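Okay, structure first, notes after.
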2 protein chains.
Amino acid sequence: MLKALGENIKKIRLEKGLTQVDLVGKIEARIDTTNISRIEKGRTNATIHTLYRISEALEVPLSDICKL
Amino acid sequence: MLKALGENIKKIRLEKGLTQVDLVGKIEARIDTTNISRIEKGRTNATIHTLYRISEALEVPLSDICKL
DNA sequence: TCCATACTTGCCATATTTGACAAGTCAAGA
DNA sequence: TCTTGACTTGTCAAATATGGCAAGTATGGA
């Protein structure tokens with residue numbers, strides 16, 4: 001399930017033509033590519049706030065990245 | 001945003017006619033009404049795994065409780 | 001081959017979620 | 001009023017997410 005979530009994020013990110021660094025750059029509050037990578041690989045159980053910041057940077061609704 | 005998420009959960013829970021205790025009872029892995037209450041009140045930044053377990057207990061897609 | 005870019009992974013310190021329990025609030029009804 | 005059920009809030013310990021940095025892997029191009 002975390003893996004599916006991560007793949008969702010990665011898919012959307014690539015569709016937008018963004019690298020992890022680009023994505024991080026679009027997030028106001030500090031976040032690290034380390035964390036993006038961990039989330040995309042399903043290696044961490046992200047908090048909803050982190051996912052929310054990612055959804056903002058990707059310019060998609062939070063619910064889009066929560067579609068499993 | 002955490003508050004909106006919590007209100008979402010509460011709304012769905014009440015629509016299903018469940019109390020917090022009922023909801024906890026439907027979740028396989030251990031969870032506490034303390035945590036349900038904190039999430040519903042937006043006092044905690046829940047992890048996606050916790051929200052996923054709640055969505056399972058509510059029998060709705062995770063994306064439904066992530067609609068802000 | 002060498003280099004650059006993109007990504008992954010390990011480690012650390014700090015902050016915070018979670019589970020657990022106890023105590024408190026609140027509303028409805030006997 | 002008293003009781004009961006539902007919910008909220010405080011505190012604690014343990015687990016873990018996060019930010020940060022460094023090192024490693026993989027791929028493609030000069």
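Bear in mind that the values here come from a model prediction, so they are computed numbers and not experimental data.
If you take CZ on B:R53 and NZ on B:K26, they are separated by 15.5 Å, rounding to the nearest 0.5 Å. Rounding to the nearest 0.5 Å gives a distance of 10.0 Å between CG of B:L62 and CD1 of B:I54.
Look at A:T44 and you won't find any side-chain N or O under 4.0 angstrom from OP1 or OP2 of D:dT16. Put simply, A:N45 has no side-chain N or O that comes within less than 4.0 Å of OP1 or OP2 on D:dT16. At the phosphate of C:dT5, neither OP1 nor OP2 sits under 4.0 Å from any side-chain N or O atom of A:Q20. When the side-chain nitrogen and oxygen atoms of B:R13 are compared with OP1 and OP2 of D:dC7, one or more of them lie within a distance under 4.0 Å. Side-chain nitrogen and oxygen atoms of B:R53 include at least one within less than 4.0 Å of the OP1 or OP2 phosphate oxygen of C:dG19.
Rounded to whole Å, the distance from CG on B:L51 to C1' on D:dA17 is 14 Å. Rounded to whole angstrom, the span from the CD atom of A:E7 across to the C1' atom of C:dC7 amounts to 15 Å. Computed from coordinates, the A:L18 CG to C:dA6 P distance equals 11 Å when rounded to whole Å. Atoms CG (B:L2) and C1' (C:dT16) sit 12 Å apart, rounded to a whole Å. Per the geometry, CG belonging to A:D32 stands 17 Å off P belonging to C:dA13, to the nearest Å. Rounded to whole Å, atom P of C:dC7 lies 14 Å from atom CD1 of A:I39.
Side-chain contact of A:T47 with A:T50: a donor-acceptor pair under 3.5 Å is present, judged by distance alone.
At a threshold of 4.0 Å, the pair B:R13-B:E40 counts as salt-bridged, since one of the basic side-chain nitrogens sits closer than that to a carboxylate oxygen. Residues A:K11 and A:E7 are not paired through a salt bridge, judged by the lack of any N-O separation under 4.0 Å between the basic side chain and the carboxylate.
Residue-level contact check: A:I36 touches neither bases nor backbone, having no heavy atom under 4.0 Å from any strand. Counting any heavy atom pair closer than 4.0 Å across all strands shown, B:R38 reaches a base atom. Across all strands shown, A:T47 has heavy atoms under 4.0 Å from sugar-phosphate atoms exclusively, and none from any base.
Distances were taken from every side-chain heavy atom of A:E40 (C-beta onward) to each of C:dT8, D:dT8, C:dT18; the shortest belongs to C:dT8.
Toward the 5′ end of DNA chain D lies the nearest nucleotide of B:D22, the other residue of the pair B:D22 and A:I31 mapping further downstream. Summary of the strand contacts: B:N35 and A:R43 both lie near DNA chain D, and taking for each the nucleotide with the nearest heavy atom, the more 5' one is attributed to B:N35.
A donor-acceptor contact under 3.5 angstrom links the side-chain atoms of B:T34 to the base of C:dC21.
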